[in-house]
Structures are given as C-alpha cells and as structure tokens.
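Chain letters run A, B, ... following the sequence lines, proteins first and then strands; every chain starts at 1. The figures here come from the full heavy-atom set of this structure, side chains too, leaving out hydrogens, waters and symmetry mates.
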Amino acid sequence: MSKYHFNDIEAKWQKYWAENGTFHAQNQSDKPKFYVLDMFPYPSGAGLHVGHPLGYIASDVYARFKRHQGYNVLHPMGYDSFGLPAEQYAIQTGQHPADTTLVNIEGGVDKQGNKIAGYRHQMDKIGFSFDWSREVRTSDPQYYKWTQWIFIQLFESWYDYDADKARPVSELVTIFSSEGNTTIHAACDADVISFSAEDWTSFSSEKQQEILLQYRLTYLAETEVNWCPELGTVLANDEIVNGVSERGGYPVVRKKMKQWSMRITAYAQRLLDGLDTIDWPQPLKDTQTNWIGRSEGASVVFQVKDHDEKIEVFTTRPDTIFGTSFMTLAPEHDLVAKITTQEQKAEVEAYVEATSKRSERERMADVKTISGVFTGAYALHPFSGKAIPVWIGDYVLAGYGTGAVMAVPCGDQRDYDFAKHYGMEIPNIFEGIDISEEAFADKENTIIANSDFLNGLNYKEATAKVIEALEEKGAGVGKINYRLRDAVFSRQRYWGEPFPVYYKNGLPQMIDLEHLPLHLPEVEKYLPTESGEPPLGRAEVWAWDTKNNKVVSNDLVTPSAVEGSDEDNGIYPLELNTMPGWAGSSCYMFRYMDPHNRETLASQEALQYWGNVDLYIGGSEHATSHLLYSRFWVKFMYDRGHLLVDEPVKKLINQGMILGTSALIYRISGTNEYVSSGLKDQYQVEEIRVDVNLANASSELDLEGLRKWQPQYENAKFVLEDGKYIVGHEVEKMSKRWFNVVNPDDVCEQYGADTLRMYEMFLGPLEQAKPWSTAGITGVHSFLKKLWKLYHQGSPLEGGEGGVFHVSDSTPTKENLKTLHKTIKKVQEDIENFSFNTSVSTFMIAVNELTAQKCKSREILEPLVILISPYAPHIAEELWSLLGHEESIATASFPKFEEKHLVESSKEYPVSFNGKMRFKMELPLDMSKEDMEAAVMAHEKTLQQLDGRTPKRVIIVPGKIINIVG
RNA sequence: GCUGAAGUGGUGGAAUUGGUAGACACGUUGGACUUAAAAUCCAAUGGCCAUUAUGGCCGUGCGGGUUCAAGUCCCGCCUUCAGUACCA
C-alpha cells in the first residue's frame, strides 16, 4: 500500500498538528522571533472560495520557511467578526448576528437549513500552520473589552504639537489652570475660545468638560456626515464610491449629527513621515500619501470692505497674490449670509438653496457646468488695497481648506474658466506668458510680473518673500494644509462594539476599565427606532448605574435630575451608537501576542519580545481604511506608552485577487437549443453563464450535469462540435451570481490540500491579479505523485502503484548533489523574494532530474523533503516520517547551500554573430580569452557563418557569451 | 485630468546586475500500455519558408535611439488595469 493517498495523509497530519500543538508559538524563547500575519477575514455566510486562501498560503509558506530557519514564529489567525452583512442578515431573518457569526466560523446549519462548512473547518483542510490557541474574534466581549479600553485612552488624551505626541488630559488641565490655553499648540476644534488660567478656574465643571472635549483625541461634535437613509447609518468617506454607498450602491446625503470623531488629523504629518520607515508597496504608500494630501502654501486673510468680517483662504500659490481678481466662497460658507448685500440677497439665497439640494453625486458627476453668484460684497487686497468682488460658487468645496479661495484666473484653470464664464477681466502676472487661451499653472517656469515687490522672482523666491511680507503685516502666515479629515467614529448599527460611554447632563463620561467589557445589549429588532435612533435605542436594559457599576433598565433613568440633587440616582443613559468596522482591527495584531491576558491588552514582556509584525499579507483595498487607521492608533498607543512600537507592520505585501473564470453557453435566440462555442457565430445567440464546475479542463461541458443543474436545461438540445460541447469563458470577479465560484473544499477533496497550496502559488506572481482556472491543476498534482514515486520502488511500474518505500544509503553522485544544491539556492532566494511561483517550477525540475538520475540516496532525498515542506507540508511530513523521523518536520533545519557542488569546469558557450545566437560550443571555464578566441575562430561553423569575411571584433565574456562582429 | 502598475506563444507564466527569449506547466498532436476508459510513460509543439539531414527569415504593444549585444536602458506614442479627482 504505497500509492499517494493524499486524503488519508492530509487528515492524519492535520490531526497530528492539532493534537501536538506543533505550531504554538512560545512567548519565551532563545530563538529569534518572527511575526507573520494575515489580514483576518470577515466570516461571511458564503464561506471561503479559492481566492481567499491565496494570501494565507503565501504567508504560511513563509512562516514554515522561517521555522526551518530556526525562528520562533508567531503565525496567528482570527476573525473580524463584527460587521454589516451579519446585521443585514439579522434584519432579514431575525436571527441574532452572534448566532449566525458563530455558525459561519464553526460550521453548522443555519435556520434556513443551509449547511455551512465554517471558516475554521475550511481553513483546517488547507493545512495552515496557524497557532489557533491565540485566536481572536472582534465580537467576543473579552476581545472588545480592549477596543473599548483604547477608546477611553483616546478620550483621555490630547495632542501636543510642541512635544509632537499625545499626552494625558490631566496634564492639559494642569496647563489650563496655570496658564490658560493661549500658550499651547494643541490639536483642537477650530472654534475654541481663548481663556486665561483665571478664566479656567472660574468656569463651571460643565463648561470645563465642554472645552476639554474640544481637545480630546476622540470627541463628540456636530458633524456634517454622509448619511445613507437606505442603510440607516453614517458612512465614512472611504465607504462611499462615486457618491453612493460602497455596500449596496444606495444614495448618500449630507446631514448634521452629533457623532464621535477621531482626531486623526493630529497625526497627519507623522503618518506621512512614517511611510519612509516601513517596507510597503509603493502604490499603497502613494495611496496613503494622496489620502493625507499634504500641501504647502499660505493662509491669507482678506478684510471684507465696509465690514468687520475677514475671509481666510488657503493657497498653494501665495506668489500669485497680485493676480487675485476676485474671491470665491463655498455656498455653505458661514460668511455668505453675513456679507451678502441687500440687492444680491435673493439671488444668493436661491443659489445656496439650489446647491444644497443637489446630491454629492450630482455635484461630482457635473464638473463641467460653471455656476456661481456675486454676493455684492468686496474684499480688500492685503497689499494693493484694491477692492475685489466676492462670489460664491460650487467649485469651491466647504470641506477643504477654509472653504474659500483667492481666485487667480491667470494661474488656475478653474478660476480662469469661472472668470471667462462671468466676463471678468483676467490680469496677467506672468513674465512672457500668453494667457489668452488658458491659465498658466507651471510653477517651475514661473517668473512673476506686475506684482510690486515680487516682480522678476521665480516661484520659490516669490513664495518665500510674500509669506514674509504677509506675516509682517499680520495678513497671513505660511501654512501646511492636509486633505485628511478627522474620522467619524459613530455608526448607527447594532453589530459593533458598544461605546463605554454614558451621558450625565448630556456630557459623555467613560466607564472604568475594571467594569469592562460593556456587553452589547439584546434588542428585539436590529433596525433603527421609529424616532430615528440607532438600534441600541430599542434596548430596554441600557442605562449605567454609577453606584453599582452595572447596566440597568432604562426606566430607572431620571432625565430631568440635576446633578447632586435628591432626584439624581446616579443612573444615566448609555451611548446608542456603536463603533465602526475598523475599531476592532486597528490593534488586533498586538492582542495575538498575549490573547488571554485579562489585565492588559498584552503584557510588556510579550510586547517587548514580539515587537511589531514582520510580514503582513493582505489585499490593497484596505489602503486608506484599516491600514491608515491602524497606523494612527498604534502611533497614539506608542505615545501613551501602551505599545513599544509606532508602526504596526514592518513589511507588507498585497496579494492580487484571484478572479473567476465564468463558463458561457450560447442559446440560439428564442429556442431551448444551445450551440457550442466554436459555432456560435453562425447563429443569433445569447450568452448564458452556467456553473463553471460543469466544464472540464478542456472546456468541455458535462451535458448530463447541466440537465440536472437547473430545470430549464432538462430538455435542452445541443449543437456539438466534434461530438463535444465547448463552453466560452469570461474572466470576472468570483461571485455566486456568475456561477464561477470554486470551493477550496472541493479541490482538497479531489486533489488534496498540498496540490491546492502548490497550485495557488504556481498560478503566477503573488501580487498580480490572475484568473482561476482548473486547467493547470493536474500538472501540479502529477508533480506530487512523481515526488511520491521518487521515494518508492517496485511493481508494476518502477516506483509506481503498489511500490514500497525505498531510499538507500548510497553516496550521491555529482549530478544528484548539483540538482539538490541548485534547488536549495533557488528556492531559498525565491521565498525571500516572495517569488513563490518560480519555486514550484524549481521543484518540478528537481524531481524530473532526480527521477531521470534514478536517485534514491537519502543524502539527497532527505533535504529535498524539507525544501518542499513549506509548500506541501502534508506529503513532506509523511515522507519525513517514512524516512524514520519521529518528530514533525516543522522545525527541521533548512538545508545549507554549498557552492562547491555547482562549480563547473566547462561551459557550453552560446556563439553569436552580430548578436544573434548561431551555435554552441563547449569550452573549459579556465581557458584564457586568447585561447577561446582561437578555438572559436577555428570552429567549422564559424567559418561557415563568416563565409570568407574577416570579423571586425570578437567579444568574449568568460562564463557568459561569445559574440563575433563583422 | 493626475498618480501608479503592466503589455512576452493557443493559455498561465519564466528570463535575479543588458549576455542562449519562451524555463516550468496547461492545452494540442502523434505514439506506447489497455477489450476499453482512466492513470502512467515517450516524442513533437513561437510564427513563416525550405528540406534528405543540414538550414534560412521574422519574433517580447508601436516608432525611434544607445550598445558588440536590448523583453531588460533612454526618448516619443498606443492600449489595458488599479487608485484618485473641482484639493485652491
């Protein structure tokens, strides 16, 4: 019995690994550490398809490789188990999201009777070397306790720009009581009042709390948010695509709501600077750089004529200030109502009204139409003192900069178009530039003219000079502006982390760590309330008893009670919003280090030992959400001493998406007759997608299978070619609706996990998107069979079925050693470069060569198993045990490459004529150039090629090539 | 529009610093084994032309250039994909 029974072998070793805790990482070890992490999945009801494990397989190969290299490897897995789909499903079916989530993870049967394999079971079948003893689930109260705790830390912190770090709010209070708020440079709301130490101490406690809230790193604020009525929730900017919700594609409107926000803008510069310290893909760094959107320029203040008001603008081109011929405010700008003149009032109001009605989507889609209205007001140029008309226009966005621009039509195309459209003059302030057709925005080639003291200067000089002049006048200051906005942190959803917050007199108070976790309450329905409150508004037991520190019935709250009065029973309402999806994933990589710790997020020793993630593999779609927010929280936690590193991840790789290959059949219009792909052009046909699993590797359709698949095909007729029905193909996203989903369980069943793992690696470069096709899988599968045969011998075919395990202690030949060592070298380099696909080719070459060499030598075959084990761990374990080892192969030392086995005495040189290779000749490697030239020139084929000509030159690169010119 | 990545056989893809283009697989064709199928094994397989073997020409999106030598470097285009967008 020595056929390659992959199903038995794989089940056996998966059981062994689980029972022996083979992959449990130790928090104390003499070995160097290595932390390999995958982006943990959201456990959806649809289960895993073959695209999901790609990154996990790559990271698993790497983790196993590192173990062979003697590292103590942390390779954990968990679930990002809060999220919208479970909630939507709960709304539809009434099932508790916790129940469906559990089934999606652990498997079972849902209430509709659908069998769900479960993520855990599916992953186990692929043979990952995860340390499951460290599993985390974001929806587990013992986990989200720490998410709530981090929120409290943010609430208790403020950002000090002078120290360039977050500090405790208690220190801010100390500063306020000794010097007020005029000396500090802190990240805070734009509308904080100035006060002295005396003022501070005279403020009421409530007033003090309100002020502090304006400085906290998480704060409550009336914010204009993206409200999605269909989903009943607020969406972050990155959850909106083309003006509609990313999920579902529903319209999104602007709405003002009181929301928790995260002061991520305080970290804008550090998030930017940190990118230089981490090894991440350039496109991903670029995406984050753009998202943060740093621009350097100046803030300039324009006095409104005959008014007390001032208009502040941000410009990246202060050098063009003398070209300012009008100003434009966003229609939503606060000053619009104040400065509009009586005559213009009606027109302005109508315009503001019309703009507010246009959805974000319309405004974005309609970039071409120029519209605006004159307010009747004028602003005074800070240098020339000229009166400049103030307009409003929707090309200026309220959310960027100050929501106002100084319009320089000669230097900015939008200002130019606006000026042209309304017949305004366009003064030219550029030396020798024609602006009759379009604006001139080229900074590098700018020479300023008609600009008083800036004349003759280039962009750099003029900018420096004008900022100096503005600062002297008190009319402006050099400024750096970021596109990044503070992140809204409240969601009107059920299935997320509850905030550890209750409200006393309308002001937020935190619950102490010792009383956490604050459990998600039970509700009857998962929808918002009729009065528009979030789902938690339906909870009946959702008030905080500050005396007994527990959650109690809402009925006990006495809303009108004044603090300290007899009616104040210390019971207050709890927050009704929940946290967004990214809350639980921002610091999860640290919880894996010490997942069962009940005292802290992770112990100092664990944090010290594991540091940060050495290798993180996941999709690029998280570039501006998870990966940016995580960096922000980690920097914050570092500032406050809760973490010892200020970046979560050293090296990151984005795996490409595996696309589906849909199978198409062609129905002859108006019939139930289907024509094979090659003949479809002869008919009028419609394309129809059918289950891709009904087509084989040669695109031949299983007709009987199709008839059984869906009733409409039961009596279908087929027009065949060569007796076969060949399907067409379309590459698109893997999705149930296209019937192109391939389940890894089925592949494991049919070919084995080792085949699946190797095949996914063999498909192509990890980072690249590529279509799944079953076509090539047999090649990888037969490779594993050949590998198996290499270790066996006997009837009926040499080493074939029924053979017995056989390796010999014979001394390996030179060829054997050469094959082995070139394989060691190549595979090691490939893994280090994440070039997994070429490793698989290398294994194939090695096994083909060793088979041809009839190699049975233990000295070769033993190290070969270790080389293959990261990719195909089950067969490797089995062969390793057959080789007589009692321990798992997991920590066997990676074979050492020895150059000496690859040293050659001669080389088959390619001989080229004018760069074109014509023939090859064998020459010793230690031959001198002169002798080589003589040997080549004497060769009969050289004479034939030259045909009597005398070569002009002979280029000889020893060890490489010979090229004859002439 | 801007930013980034990529274009190589029928297909997935190799070619690490400029040095034998198409490794390794799939598919296809022919052959062996078999009652048959599956499995397995052997051979051929970039295109075109010619042939008794030998051989010749073309060929890495397109057009130029540098070089003894270019898929690889430089200049100019085209196409595809991804991200982003009235960002002042």
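Among the nucleotides rC87(B), rG83(B), rU40(B), the one closest to any side-chain atom of K785(A) is rU40(B). Looking at the side chain of N848(A), the nearest of the listed nucleotides rA88(B), rC24(B), rG12(B) is rC24(B). Closest to the side chain of R918(A), out of rU20(B), rU17(B), rC57(B), is rC57(B). Minimum atom distance to the side chain of T316(A) is reached by rA88(B), of the listed rG4(B), rA88(B), rU16(B). Side chain of V396(A), nearest nucleotide from rG27(B), rA88(B), rU3(B): rA88(B). Distances from the side chain of D286(A) to the nucleotides rU3(B), rC68(B), rA15(B) place rU3(B) closest. When distances are taken from the side chain of R414(A) to each of rC24(B), rC86(B), rG19(B), the shortest belongs to rC86(B). With distances taken from any side-chain atom of R483(A) to the nucleotides rU16(B), rC87(B), rU3(B), the minimum falls on rC87(B). Checking rC26(B), rA88(B), rA15(B) against the side-chain heavy atoms of Y400(A) singles out rA88(B) as nearest. The side chain of M917(A) sits closest to rA21(B) out of rA21(B), rC26(B), rA88(B).
Using bins of under 30°, 30° to 60° and over 60° for the plane-to-plane angle, the ring pair F314(A)/Y400(A) lands in the perpendicular bin. Aromatic ring orientation, Y395(A) versus F418(A): tilted (interplanar angle from 30° to 60°).
If you check every strand for non-hydrogen atoms under 4.0 Å, Q282(A) touches nothing. Counting any heavy atom pair closer than 4.0 Å across all strands shown, N837(A) reaches sugar-phosphate atoms only and no base atom. Contacts of K285(A) with the nucleic acid, taken as non-hydrogen atoms under 4.0 Å apart, are absent. Y909(A) comes within 4.0 angstrom of nothing in the nucleic acid, heavy atoms only. Among the heavy atoms of the strands lying under 4.0 Å from V965(A) are primed sugar atoms or P, OP1, OP2 only; no base atom is included. When heavy atoms are screened at a 4.0 angstrom cut-off, S782(A) is found touching the sugar-phosphate backbone but no base atom. Within 4.0 Å (heavy atoms only), P771(A) reaches no atom of the nucleic acid at all.
For rA82(B), the paired nucleotide is rU3(B), the pair qualifying as Watson-Crick or G-U wobble because both relevant distances are below 3.5 Å. Look at rU40(B): its Watson-Crick or wobble partner, with both distances under 3.5 angstrom, is rA32(B). In a base pair of the Watson-Crick type (N1 to N3 plus N6-O4 or O6-N4) or a G-U wobble (N1-O2 and O6-N3), with each distance short of 3.5 Å, rA69(B) is matched with no nucleotide. In this entry rG76(B) has rC62(B) as its Watson-Crick or G-U wobble partner, both defining distances falling under 3.5 Å.
Listed pair S620(A) / rA82(B) fails the phosphate criterion, with no side-chain N or O lying under 4.0 Å from OP1 or OP2.
Shown here, rG9(B) is classed syn by the O4'-C1'-N9-C4 or O4'-C1'-N1-C2 angle, which is within 90° of 0.
Atom NZ in K822(A) sits roughly 10 Å away from atom P in rC24(B) (whole-Å rounding).
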